[in-house]
Colleague: 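My questions all concern the structure below.
All chains are named by letter (A, B, ...) in the order of the sequence lines, taking the proteins before the strands, and each is independently numbered beginning at 1.
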Amino acid sequence: MLSKRSKEIIFNPFSKENPVLVQVLGICSTLAVTVSLEPAIVMSISVMAVLAFANVIISLMRNTIPTTIRIIVQLVVVAALVIMVQQFLLAFNYDVSKKLSVFIGLIITNCILMGRLEAFAMHNKPWPSFLDGIGNGLGYGMVLVVVGFFRELLGSGTLLGYQVIPQCVYDAGYMNNGLMILPPMALIVVACVIWVQHARDKELQEK
Amino acid sequence: MNKNSNTYQIVYSAIMVIVVGAVLALIYMLLKPMQDQNRDNDTRKQILAAIKVTPENDEAIATDFKTYIVKEYLVDKKGAVVDSSENVAFNVNMGKNMKEAERKLPVFVAKVKDETKYIIPVYGAGLWGPIWGYVAMNADGQTIYGTNFSHEGETPGLGAKITESDFQQKFEGKHIYMEGAFKCVEVVKKGQKSLNGAETIDAISGATITSRGVSSMMNDCLAPYDAYLKTLQGSTNK
């Protein structure tokens with residue numbers, strides 16, 4: 001269905017070119033939204049949507065953008081898209097927009113967006129740019145979900161708000177790890193994920 | 001055409017800004033009625049949550065609100081009702097209201113299972129932004145029947161826990177008067193006691209500032225109602 005190149009564009013961000021694990025972009029939002037799983041998932045979807053559409057729009061405009069002000073143009077496009085997402089959420093899904101509050105606005109500052117616009121959309125046609133946006137959004141989301149999973153499970157004993165660690169375990173003396181819900185632990189979990197990924201992928205190891 | 005000439009850049013950015021501005025303004029105007037309705041409904045939902053009423057769906061919110069909230073009015077510092085026209089309490093913007101010297105004191109009167117409850121809006125500061133809520137008092141004017149808290153941007157998993165029922169339920173049945181004097185219930189670190197002998201509630205661990213915010217919000221917003229609550233207490237004793 002997809003050509004070899006399209007597949008590479010979509011799937012490379014999962015492994016060799018993962019925006020968070022290999023390029024170490026978007027770390028700040030990874031810390032902020034991964035205390036529990038649900039905001040992590042909604043954030044991933046929002047970032048993916050904004051990234052894909054921003055990529056397409058910049059790609060369509062790429063031949064007209066003056067190089068000297070290209071960053072400003074990219075910022076304006078991203079900011080406009082983020083405000084649109086925010087406005088639509090307020091009108092059609094008020095509850096979710098309340099849950100995510102400031103984080104939607106903070107998508108603008110996500111380095112992955114600027115990185116992909118600058119590195120990919122400025123030199124490629126709209127369709128590959130769209131795929132690149134989806135792929136990188138998924139690669140980012142994947143890390144968010146993994147980190148959110150461990151932080152919510154170990155920090156609060158719940159998943160998506162449901163209690164998963166049974167009461168009898170607590171009665172036996174088990175306690176939630178309070179450190180897990182604090183920001184430093186997000187970095188440590190991300191580092192662990194990076195470690196696992198680099199250990200498995202020989203190409204990423206430094207000689 | 002030279003893409004790097006000054007004229008091109010200026011014209012390009014001007015057109016881009018105008019287009020983006022127009023699109024955003026258009027979207028804002030189109031969606032505003034729906035957003036306002038959502039906001040009003042959300043406020044109604046929060047008020048109803050304070051008296052433990054959960055509307056089944058979005059359509060039921062407005063009808064439930066009409067059924068349960070029988071009266072709403074503004075009172076003054078002496079406890080007298082000053083304005084009881086329609087939606088008078090609902091339309092008070094608490095954020096702006098707090099800053100005014102002559103604060104309006106809105107009260108919603110609700111009937112739940114034939115009991116009268118008095119709902120008082122509260123508003124304060126959390127760690128990242130405003131926090132607010134609704135406190136439902138029993139007819140005796142002393143004990144809390146139920147609470148509901150909301151926030152704009154507290155940390156998820158920490159300060160944001162004030163919106164969870166586990167935290168809100170701790171307020172139920174607490175007294176805000178001790179031997180006839182106003183002593184608002186305090187949110188303190190687990191195991192600590194209040195300095196002035198008020199009843200206490202365990203704070204959320206990891207969210208010290210938000211917990212303190214809730215504590216001072218309750219105190220600051222309920223204190224002006226002292227005279228009003230005392231009239232309630234007087235009427236039930238008779």
Colleague: Determine which residues belonging to residues 74-84 of chain A lie within contact range of chain B, meaning some heavy atom pair is under 4.5 Å apart, and list them by number or answer 'none'.
Modeller: A/Val76, A/Ala80, A/Ile83, A/Met84
Colleague: Considering only heavy atoms from C-beta outward, does the side chain of A/Ile69 approach that of B/Ser13 to under 4.5 Å?
Modeller: yes
Colleague: Using non-hydrogen atoms and a 4.5 Å limit, figure out which bit of B/Val23 sits close to chain A: side chain, backbone, both or neither.
Modeller: side chain
Colleague: For atom OH of B/Tyr123, decide whether the heavy atoms of other residues, nucleotides or ligands shown that lie under 6.0 angstrom number more than 12.
Modeller: yes
Colleague: Got B/Tyr12 and A/Met61 here, is their nearest side-chain heavy-atom distance under 4.5 Å?
Modeller: yes
Colleague: At their closest point, which heavy atom of B/Leu31 faces which heavy atom of A/Phe92, and how far apart are they?
Modeller: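 Smallest interatomic distance, heavy atoms only, reads CD2-CE1, 3.8 Å.
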Colleague: So which residue, A/Leu90, A/Thr158, A/Thr67, ends up with the most heavy-atom pairs under 4.5 Å with chain B?
Modeller: A/Leu90
Colleague: Does any heavy atom of chain B fall under 4.5 Å from the side chain of A/Asn63, the backbone, both, or neither of them?
Modeller: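 When you check distances to chain B, only backbone atoms of A/Asn63 fall under 4.5 Å.
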Colleague: Looking at A/Phe120, I'd like to know if its CZ atom is crowded, meaning that more than 12 non-hydrogen atoms belonging to other residues, nucleotides or ligands lie closer than 6.0 Å.
Modeller: yes
Colleague: Return the option, out of B/Gln37, B/Glu164, B/Arg39, with the maximum number of heavy-atom pairs under 4.5 Å with chain A.
Modeller: B/Arg39
Colleague: Assess whether atom CG of B/Leu195 is packed by more than 12 heavy atoms of other residues, nucleotides or ligands within 6.0 Å.
Modeller: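 Not buried by this count: 12 neighbours or fewer within 6.0 Å.
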Colleague: Verify the neighbour count for atom OH of B/Tyr28: are there more than 12 heavy atoms of other residues, nucleotides or ligands below 6.0 Å?
Modeller: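 No - once you tally the heavy atoms of other residues, nucleotides and ligands closer than 6.0 Å, there are 12 at most.
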Colleague: Say you draw a straight line from CE of B/Met34 to CZ of A/Phe88; how long is it, rounded to the nearest 0.5 Å?
Modeller: 9.0 Å
Colleague: Give the minimum heavy-atom separation between B/Gln9 and A/Pro66, together with the two atoms involved.
Modeller: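 Residues B/Gln9 and A/Pro66, closest heavy atoms: CG-CB, 3.7 Å.
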Colleague: For chain A, find its close neighbours in residues 44-54 of chain B: heavy-atom separation under 4.5 Å, sorted by number, or none.
Modeller: B/Lys45, B/Gln46
Colleague: Among B/Val17, B/Leu24, B/Val20, which residue has the highest count of heavy-atom pairs closer than 4.5 Å to chain A?
Modeller: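 Of the candidates given, the most pairs with chain A belong to B/Leu24.
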